[in-house]
Amino acid sequence: MITYRFLKNPQTISLNKIQFFKKEEDLVKYIEKNNLDLVKRTNSIEFEIIKNLVDLIKAYLSGKKLSLYQNIKDLGIDISIEKKFPTPFSQKVIKYLINNVNYGEITTYSDIGKKINTRAYRAIGNVMKNNPIPLIIPCHRVIRKNGTLGGFMGETDDNWQKNIKLDLLKIEGITQNQLKTSF
DNA sequence: CTACGCTCAGATA
DNA sequence: TATCTGAGCGTAG
């Protein structure tokens with residue numbers, strides 16, 4: 001699910017979150033709890049932008065080699081990195097990730113630490129954990145130094161969320177032998 | 001200040 | 001190999 005706000009001046013959308021749900025039931029609950037407005041707005045600028053965004057994500061998921069981050073910026077969609085990552089440390093991590101880890105590449109928490117000159121590997125993981133827009137900010141491309149996957153969307157145990165991380169890497173052409181185990 | 005975490009290297013069996 | 005332990009450090013409360 002993608003949540004956003006529609007901005008009036010200039011007319012564009014501000015991306016809020018991208019979330020995954022294990023069951024449809026969980027999605028419905030989330031919508032009710034947060035009182036989300038699901039009305040379709042055809043024939044509007046808003047609809048056009050959203051359609052472009054969804055088309056982009058679908059293209060990416062079907063294997064088209066494109067930088068979601070760059071393409072989405074080109075659509076004029078507001079991502080507000082600085083608001084989503086308010087601290088200097090988290091901005092360093094995310095900016096490194098965006099600017100240096102391209103489609104089909106993987107890196108490790110340890111590598112990022114070396115590049116930004118810190119040993120706070122777990123803290124780097126915590127930044128990723130707080131990434132509200134996975135896929136677009138490609139934290140799925142960051143794995144552990146020993147070749148195992150590491151966590152994804154707040155989870156470190158073997159579960160559906162790590163499978164999503166693995167699926168995304170497979171889509172980008174990462175092969176099993178670039179990872180240590182089947183996980 | 002305390003507690004926690006998408007980590008890591010080293011030790012142990 | 002698998003599991004445990006402490007170091008390490010940014011962040012939220």
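In what follows, every chain begins at residue 1, and chains take the letters A, B, ... in the order their sequences are listed.
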Chemist: Would you state whether a donor and an acceptor, one from the side chain of A:Arg122 and one from the base of B:dG5, lie under 3.5 Å apart?
Modeler: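 Answer yes: a donor N or O sits under 3.5 Å from an acceptor.
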
Chemist: Could you tell me how far apart A:Ile106 (CD1) and B:dC6 (P) are, to the nearest whole angstrom?
Modeler: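 That distance rounds to 20 Å.
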
Chemist: Roughly how many Å is it from CD1 in A:Ile112 to P in B:dG5, rounded to a whole number?
Modeler: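 Computing the A:Ile112:CD1 to B:dG5:P distance gives 20 Å.
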
Chemist: To the nearest Å, give me how far apart CZ (A:Phe152) and P (B:dG5) are.
Modeler: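 That distance rounds to 19 Å.
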
Chemist: If you measure only the distance, is there a donor-acceptor pair under 3.5 Å linking the side chains of A:Glu46 and A:Tyr4?
Modeler: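 Per modelled atom types, A:Glu46 and A:Tyr4 side chains form a pair under 3.5 Å.
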
Chemist: Indicate whether any N or O donor in one side chain lies under 3.5 Å from an N or O acceptor in the other, for A:Glu48 and A:Asn52.
Modeler: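 There is no such pair between these side chains.
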
Chemist: Send over the distance from A:Met153 CE to B:dC6 C1', rounded to a whole Å.
Modeler: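 Atom-to-atom, A:Met153 to B:dC6, this comes out as 11 Å.
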
Chemist: At 4.0 Å (heavy atoms only), tell me whether A:Tyr109 reaches a base, stays on the sugar-phosphate, or touches nothing.
Modeler: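 Result for A:Tyr109 = base.
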
Chemist: Just to be sure I understand the rule, does A:Lys145 reach a base, reach only the sugar-phosphate, or reach nothing, if contact means heavy atoms closer than 4.0 Å?
Modeler: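 Sugar-phosphate contact only.
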
Chemist: With respect to the side chain of A:Cys139, which nucleotide from B:dG5, B:dC6, C:dT11 is positioned closest?
Modeler: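 For the A:Cys139 side chain, the nearest candidate turns out to be B:dC6.
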
Chemist: Do A:Lys33 and A:Lys29 touch side chain to side chain, with heavy atoms closer than 4.5 Å?
Modeler: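 Side chain of A:Lys33 against side chain of A:Lys29, heavy atoms only: no contact under 4.5 Å found.
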
Chemist: Output the single nucleotide from C:dG10, B:dC6, C:dT11 whose closest atom is nearest the side chain of A:Ser90.
Modeler: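 Of C:dG10, B:dC6, C:dT11, C:dT11 is nearest to the side chain of A:Ser90.
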
Chemist: DNA chain B in dot-bracket, Watson-Crick or G-U pairs under 3.5 Å, [ ] crossing, | other strand?
Modeler: |||||.|||||||

Chemist: How long is the line joining CZ of A:Arg119 and C1' of C:dT11, in whole Å?
Modeler: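 So the two atoms are 19 Å apart, to the nearest Å.
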
Chemist: Side chain of A:Ser110 only, heavy atoms from C-beta on: which candidate in B:dC6, C:dC9, B:dC8 is closest?
Modeler: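 For A:Ser110, the side-chain atoms sit closest to B:dC8.
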
Chemist: Starting from P on C:dG10, measure out to CD1 on A:Ile94 and report it in whole angstrom.
Modeler: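 Taking CD1 of A:Ile94 and P of C:dG10, I get 16 Å after rounding.
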
Chemist: In whole angstroms, how far is the C1' atom of C:dA7 from the CD1 atom of A:Ile124?
Modeler: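 The answer, rounded to whole Å, is 15 Å.
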
Chemist: From the options C:dC9, B:dC8, C:dT11, select the nucleotide whose nearest atom is closest to the side chain of A:Arg144.
Modeler: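 Closest of the options to the side chain of A:Arg144: B:dC8.
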
Chemist: For a quick test of reading the model, state the closest non-hydrogen atom pair linking A:Phe20 to A:Pro134 and the distance between them.
Modeler: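 Taking every non-hydrogen atom into account, CE1-CG, 4.2 Å.
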
Chemist: Which whole-number value in Å describes the distance from A:Lys129 NZ to C:dG10 C1'?
Modeler: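 The distance from NZ of A:Lys129 to C1' of C:dG10 comes to 12 Å, rounded to the nearest Å.
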
Chemist: In terms of relative ring orientation, are A:His140 and A:Phe152 parallel, tilted or perpendicular, with 30° and 60° separating the classes?
Modeler: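 Ring orientation of A:His140 relative to A:Phe152: perpendicular.
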
Chemist: Counting side-chain heavy atoms from CB outward, which of C:dG10, B:dC8, B:dC6 is closest to A:Tyr121?
Modeler: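 Looking only at side-chain atoms, A:Tyr121 lies closest to B:dC8.
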
Chemist: Mind checking if A:Gly154 touches a base, just sugar-phosphate, or nothing, with heavy atoms under 4.0 Å?
Modeler: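 Answer is base: heavy atoms of A:Gly154 come under 4.0 Å of a base.
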
